[in-house]
> 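Below is the structure I would like to discuss, written out as structure tokens.
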There are 2 protein chains.
Amino acid sequence: MEKIGTKLSRAEQKARRPQEILEAAFEEFTANGYAATRVEDVAARLGVTKGTIYLYFPTKDELFEAMHRQMSAPFSDLRASVAVLEGSCSERLRALVRLAYEKVANDRRIRELLRLVLAEGARFPHMVDRHYEEFIAPVEDAIGALVREGVSSGEFRRTAVAVAPAVLVSPVLHATFLRLMFADRRPFDETTFMEAHIDLVLNGLLMRNG
Amino acid sequence: MEKIGTKLSRAEQKARRPQEILEAAFEEFTANGYAATRVEDVAARLGVTKGTIYLYFPTKDELFEAMHRQMSAPFSDLRASVAVLEGSCSERLRALVRLAYEKVANDRRIRELLRLVLAEGARFPHMVDRHYEEFIAPVEDAIGALVREGVSSGEFRRTAVAVAPAVLVSPVLHATFLRLMFADRRPFDETTFMEAHIDLVLNGLLMRNG
DNA sequence: TATCACTGACTATCGGGTTAGTCAACAGTC
DNA sequence: GACTGTTGACTAACCCGATAGTCAGTGATA
């Protein structure tokens, strides 16, 4: 644990600044969007002035992009978690869905980042593309592989889902956006939602043996 | 059809202006977001100047809100379409899903409006709430009623989906956001996606009689 | 010719980016 | 351990282009 109240040396402070600035930038940009965020607001969050920000980042634009790069890191975490799942295909699918709720819908930072990608995507196509390559594609691939494995082992039906595996996790996105839209203004029972999701995905709606 | 090139009377022109302005505002606000859109850009789209806009709307803020109110109208259309579906529950569900793709994922205006709601929601909570009341809630209610009917008629399994019917249409949202993110940069086969969606929702992944 | 929808030049303000200047932290000397 | 010169992270005041909102004037229409 860091000692509280200890004044940092100049070198220490300088080493921490970029981190701190990106952190503050994340809060401001996600709260207000790119255009409506002032560099001064980011600075104020740290108790420094605008000039300081410009010592570390050349423009507002580059600050934004650096922030997004920084904050995308947790995504690779999800990829790693998916890789080590064990059990039958349906067990692994269950676990993957649970993991997706935990790491995406439930993580405020990831939620806000997703909103940012969608909201500012038109102005920052790099961001959208990195987002796809680092996050969406690997997850889709993992799910696709899982479904194909289940089909060839006879555990899953031969189904059109194999060619569009993304539909399996759509409710996670749905939950994420509901939480983004309503924050705490409207209650959202995620457990119920997730159980419905898993049940639907495995069993479907139709009565069996009908 | 309106005659082309016919000059409108002053009264006609004046009567049309608010419509025209809202239309132009929609294009600009959805393309650039609220903060980055200049009132002058909206005016330029009509070949008029900024002053004209302010003859019809007192502030940029009110222009934005009026635009959103105006553009929300097509949503009620979807509600009406859902109400008149016929056939068995699964037939109606299929039809409803198809309709959702057609009216939401495939409609550029609705897509952009959705992005706007998400992007600017923090600054315009009225907008989010109206969006929920006019669109999300009625659709969720309709789906919920359909599922309950199917369950009690024995056509559908007694399932957790009944308490979170939104999961049934999540892939529509997913498709909408993919199209928003990648516009035309990445191909998206909606037919395949939709077929996978319907198959999943009705039958699930697991092998039957297993 | 009277009206009024529209113009376009104007003001006030805001915010990205710059830079001369400040002062606490450090290093070297005694 | 005190004294002193140097460094460099940070500040504060500034510049300037951009944009929300205003209003006296204009010219086509009825």
Side-chain angles (χ1 to χ4, degrees), chain A residues 2-3 5-68 116 120 123-124, chain B residues 3 5-68 116 120 122-124:
Chain A
E2 191 65 35
K3 256 196 290 180
T6 302
K7 206 160 183 194
L8 298 171
S9 73
R10 284 224 277 181
E12 281 170 332
Q13 184 59 274
K14 185 179 182 182
R16 289 182 185 212
R17 274 280 181 254
Q19 253 315 316
E20 291 178 338
I21 292 173
L22 293 175
E23 205 74 37
F26 172 80
E27 296 299 334
E28 291 297 323
F29 281 130
T30 54
N32 313 313
Y34 178 79
T37 294
R38 292 172 306 161
V39 175
E40 243 183 299
D41 297 336
V42 176
R45 227 167 227 278
L46 301 180
V48 300
T49 59
K50 201 169 43 156
T52 302
I53 307 292
Y54 283 98
L55 291 177
Y56 294 88
F57 300 93
T59 62
K60 183 183 175 184
D61 230 82
E62 293 215 26
L63 172 61
F64 182 79
E65 301 238 30
M67 177 277 289
H68 181 257
L116 215 57
E120 313 287 351
R123 228 177 326 249
F124 297 93
Chain B
K3 256 194 292 180
T6 302
K7 206 159 182 194
L8 298 171
S9 73
R10 282 226 279 181
E12 281 169 331
Q13 184 59 275
K14 185 179 183 184
R16 289 181 184 214
R17 273 284 183 251
Q19 252 316 315
E20 290 178 340
I21 293 172
L22 294 175
E23 204 75 37
F26 172 81
E27 296 299 334
E28 291 298 323
F29 281 129
T30 54
N32 314 313
Y34 178 79
T37 294
R38 292 172 306 159
V39 175
E40 244 183 294
D41 297 336
V42 176
R45 226 167 229 277
L46 302 180
V48 300
T49 58
K50 201 168 44 155
T52 302
I53 307 291
Y54 283 99
L55 291 177
Y56 294 89
F57 299 94
T59 63
K60 183 184 176 185
D61 229 81
E62 293 214 28
L63 172 61
F64 182 79
E65 301 238 31
M67 177 278 288
H68 181 257
L116 214 57
E120 313 286 353
R123 227 182 324 257
F124 297 93

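Predicted model only: the values in this text are computed from it and were never measured. Every chain is numbered from 1 and lettered A, B, ... according to where its sequence line falls, protein lines coming before strand lines.
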> Heavy atoms within less than 4.0 Å of DNA chain D: which residues of residues 38-46 of chain B have one? Give them sorted by number.
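Heavy-atom contacts with DNA chain D come from B:Arg38, B:Val39.
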
> Starting at CD of A:Glu28 and ending at P of C:dG16, how long is that distance when rounded to a whole Å?
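Spelled out: CD on A:Glu28 to P on C:dG16 is 11 Å.
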
> Which pairs of donor and acceptor atoms, one on a side chain in residues 43-54 of chain A, lie under 3.5 Å apart (sequence neighbours left out)?
residue, atom, partner, partner atom, Å
A:Arg45, NE, A:Glu28, OE2, 2.6
A:Arg45, NH2, A:Glu28, OE2, 3.3
A:Thr52, OG1, A:Thr49, O, 3.4

> Give the rounded distance in Å between these two atoms: NZ of B:Lys50 and P of C:dA12.
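The distance from NZ of B:Lys50 to P of C:dA12 comes to 14 Å, rounded to the nearest Å.
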
> Determine the minimum heavy-atom distance between B:Ala35 and A:Ala36, stating which atoms define it.
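Scanning both residues completely, I find the closest heavy atoms to be CB-N, 4.1 Å.
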
> When the nearest nucleotide of DNA chain C is assigned to A:Tyr34 and to B:Val48 on a heavy-atom basis, which residue is associated with the more 5' position?
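The residue closer to the strand's 5' end, by nearest nucleotide, is B:Val48.
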
> Would you say B:Phe64 and B:Leu116 make side-chain contact, with heavy atoms under 4.5 Å?
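With C-beta onward as the side chain, the pair touches.
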
> Examine A:Lys60 relative to A:Phe29 and say whether NZ or CZ is less than 6.0 Å from the centre of the six-membered ring and inside a 45° cone about the ring axis.
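Checked: cation-pi criterion not met.
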
> Less than 4.5 Å apart, any side-chain heavy atom of B:Glu65 and any of B:His68?
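No. Closest side-chain heavy atoms not under 4.5 Å.
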
> Give me the atom names and distance for the closest heavy-atom approach of A:Val42 to A:Ile21.
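Smallest heavy-atom distance, with atoms named: CG1-O, 4.0 Å.
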
> Pull out every residue in residues 51-67 of chain A that has a heavy atom closer than 4.0 Å to any atom of DNA chain D, ordered by number, or say none.
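Listed by number, they are A:Gly51, A:Thr52, A:Leu55, A:Tyr56.
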
> Show the nearest heavy-atom pair for residues B:Phe57 and B:Ala66, with the distance to one decimal.
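Minimum heavy-atom separation between B:Phe57 and B:Ala66: CE2-CB, 3.8 Å.
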
> Expressed as a whole number of angstroms, how long is the span from A:Arg16:CZ to D:dA9:C1'?
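For the pair A:Arg16 CZ and D:dA9 C1', the rounded distance is 16 Å.
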
> Do the non-hydrogen side-chain atoms of B:Tyr34 and B:Asp61 ever get within less than 4.5 Å of each other?
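Heavy-atom side-chain distance check passes, below 4.5 Å.
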
